[in-house]
*Asks:* 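I'd like to ask some things about the structure below.
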Amino acid sequence: MRDICPDPLTLSDSLLDWYDTHARRMPWRVPPRDRKSGVMPDPYRVWLSEVMLQQTTVVTVKDYFHRFTERWPTVGDLAAAKDSDVMGEWAGLGYYARARNLLKCARQVVSDHDGRFPADHAALLTLPGIGPYTAAAISSIAFDLPHAVLDGNVERVMARLHDIHTPFPVAKPELMAKAAALTPQSRPGDYAQAVMDLGATICTPRSPACGICPWSAHCRSRKLGTADELPKKMPKKTKPMRHGVVYVGRRADGAWLLETRPDKGLLGGMLGWPGSAWVDKSTALPDVPTPAAAAWRQLPGEVRHTFTHFHLHLCICVADLPLDITPDIGGFVARDVFRPSDLPTVMRKAFDLARTAF
DNA sequence: AAGTCGTGGGC
DNA sequence: TGCCCAAGACT
């Protein structure tokens with residue numbers, strides 16, 4: 001079978017040729033032509049985009065990336081930002097530990113690296129929120145160092161190219177070795193983006209467009225007809241159902257009763273409505289302490305939301321609160337200051353349902 | 001080293 | 001509708 005995978009250099013060259021004419025334009029990316037003429041991307045923008053792109057689609061990221069770079073043009077600006085401003089700007093993107101680590105990382109780059117991202121892969125790995133993939137992405141894309149990127153796209157491409165049937169994530173070391181063997185010394189930054197573009201636009205999870213793939217002549221699974229059944233994955237567990245209550249309180253002057261959630265755990269560090277823990281059975285709900293003594297009324301209907309590993313049914317209680325009340329939990333956010341867009345999606349859903357009751 | 005950690009879109 | 005998936009990191 002060696003004949004269909006002849007030479008790593010042939011493969012990387014053919015992919016780079018494809019990328020020269022098919023590279024997707026993105027706000028954080030330097031097109032191949034500009035890069036060839038010496039233009040390098042801003043490491044801050046590469047880092048920011050890569051963190052946002054972790055488990056998140058390009059389409060979703062674009063608006064967030066624009067808002068972040070407009071508001072905080074440099075890593076120094078971001079490092080100086082208020083935590084609540086960054087968390088609010090991240091709201092809706094999900095995986096909120098990324099936002100907390102984003103701030104930690106920015107401040108560490110300022111304090112430990114003179115405000116400049118290190119090019120070195122090992123140094124990048126020590127920064128919060130930068131793991132093996134993101135370190136390789138930054139060092140290759142921003143600094144043109146030949147580190148192999150292994151994300152979901154590359155895993156899929158390698159599994160098909162080499163017809164690897166070992167299920168993920170068991171196959172990861174093997175896939176990494178394949179990806180590293182193909183990464184060229186020349187134009188590693190463009191190559192990293194090219195191989196991910198290939199997975200995102202041609203070697204897609206369903207119905208790969210093998211007919212127009214620059215690697216089709218060298219692809220083992222293409223030859224064997226197994227591309228459609230790759231990559232193999234471990235079976236997934238079914239998500240349990242959880243139940244909870246949130247309290248949406250509005251003071252007479254229009255201020256909303258909110259809390260900042262603890263840094264650890266689900267929605268950590270995010271703004272939200274006070275409420276119960278989210279438990280397996282709804283029978284334990286009546287004993288929840290309310291955030292303020294008031295005539296809370298339960299709304300008909302409920303909020304449904306699905307997280308990574310469980311479904312949630314959220315019961316909504318609302319109340320009008322007097323001006324002189326002192327809440328037991330959380331604090332009031334003035335009507336003019338409160339931005340619903342600062343809420344994570346599940347809390348935004350609760351707000352959208354609750355506001356109809358006022 | 002499995003489990004935890006969001007969300008929106010596609011089929 | 002329910003399930004799959006998306007440029008993973010952290011514990």
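These numbers were taken from a predicted model, which means no experiment stands behind them. Each chain gets a letter, A, B and so on, in the order its sequence line appears, and its residues count up from 1. In what follows, every heavy atom counts, from backbone to side chain, and hydrogens, waters and symmetry copies are set aside.
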*Asks:* What pairs with A/K232 under salt bridge (charged side-chain N to carboxylate O under 4.0 Å, His left out), at least two apart in sequence or on another chain?
*Replies:* A/E229

*Asks:* Tell me which of A/Y96 and A/R206 sits closer to the 5' end of DNA chain B, going by the nucleotide each one is nearest to.
*Replies:* A/Y96

*Asks:* With a non-hydrogen cut-off below 4.0 angstrom, is A/I130 in contact with a base, only sugar-phosphate, or nothing?
*Replies:* sugar-phosphate

*Asks:* Touch check for A/T306, heavy atoms < 4.0 angstrom, all strands: base, sugar-phosphate only, or nothing?
*Replies:* base

*Asks:* NA contact type, A/T60, heavy-atom cut-off 4.0 Å: base, sugar-phosphate, or nothing?
*Replies:* nothing

*Asks:* Identify whether any heavy atom of A/R304 sits under 4.0 Å from a base atom; if not, whether one sits that close to sugar-phosphate; answer base, sugar-phosphate or nothing.
*Replies:* nothing

*Asks:* Please confirm whether A/R107 makes a cation-pi placement over A/W72, using NZ or CZ under 6.0 Å from the six-membered ring centre and within 45° of the ring normal.
*Replies:* no

*Asks:* What nucleic acid atoms does A/K237 come within less than 4.0 Å of, heavy atoms only: base, sugar-phosphate, or nothing?
*Replies:* sugar-phosphate

*Asks:* Under 4.0 Å, heavy atoms only, any strand: does A/R348 hit a base, just the sugar-phosphate, or nothing?
*Replies:* nothing

*Asks:* For the residue pair A/W47 and A/F117, does the interplanar ring angle fall in the parallel (under 30°), tilted (30 to 60°) or perpendicular (over 60°) class?
*Replies:* tilted

*Asks:* Look at all strands and tell whether A/M270 reaches a base, only sugar-phosphate, or nothing, counting heavy atoms closer than 4.0 Å.
*Replies:* nothing

*Asks:* For B/dG8 and C/dA9, measure between their P atoms and round to the nearest Å.
*Replies:* 22 Å

*Asks:* Using ring centroids (six-membered ring only for Trp), state whether A/F351 and A/F338 fall under 6.0 Å.
*Replies:* yes

*Asks:* Which is the 5'-most and which the 3'-most nucleotide of DNA chain C that has an atom under 4.0 Å from a heavy atom of chain A?
*Replies:* C/dC5 to C/dC10

*Asks:* Quantified in whole Å, what is the P atom distance between nucleotide C/dA7 and nucleotide B/dC5?
*Replies:* 23 Å

*Asks:* For A/G92, report the nucleic acid contact type (base, sugar-phosphate, nothing); a contact means any heavy atom under 4.0 Å.
*Replies:* sugar-phosphate

*Asks:* When A/R187 is tested against each of A/D13, A/D144, A/D20 for side chain to side chain donor-acceptor pair (under 3.5 Å), which residue passes?
*Replies:* A/D20

*Asks:* Just to be sure I understand the rule, does A/G265 reach a base, reach only the sugar-phosphate, or reach nothing, if contact means heavy atoms closer than 4.0 Å?
*Replies:* sugar-phosphate

*Asks:* Could you check whether A/Y133 and A/E50, counting side-chain N and O atoms only, form a donor-acceptor pair closer than 3.5 Å?
*Replies:* yes

*Asks:* Within the structure shown, what part of the strands sits under 4.0 Å from A/A192 by heavy-atom distance: base, sugar-phosphate, or nothing?
*Replies:* nothing

*Asks:* Please say yes or no: joined through hydrophobic side-chain contacts below 4.5 Å, possibly via intermediate residues, are A/M176 and A/M158 part of one cluster?
*Replies:* yes

*Asks:* Starting from A/V59, walk the hydrophobic network (Ile, Leu, Val, Met, Phe, Trp, Tyr; side-chain heavy atoms closer than 4.5 Å) and list everyone else you reach, by chain and number.
*Replies:* none

*Asks:* Could you list the residues that satisfy side chain to side chain donor-acceptor pair (under 3.5 Å) with A/R242, not counting sequence neighbours?
*Replies:* none

*Asks:* Do the two ring centres, one from A/F310 and one from A/F307, sit under 6.0 Å apart?
*Replies:* yes

*Asks:* Using a strict 4.0 Å threshold on nitrogen-to-oxygen distance, state whether A/D253 and A/R335 make a salt bridge.
*Replies:* no

*Asks:* Are A/W256 and A/F332, when compared by the centres of their aromatic rings, separated by less than 6.0 Å?
*Replies:* no

*Asks:* Under 4.0 Å from a heavy atom of chain A: give me the 5'-most and 3'-most nucleotides of DNA chain B that qualify.
*Replies:* B/dG3 to B/dG8

*Asks:* Strictly below 4.0 Å, heavy-atom distances to any atom of DNA chain C: list the hits from residues 98-110 of chain A, or just say none.
*Replies:* A/N101

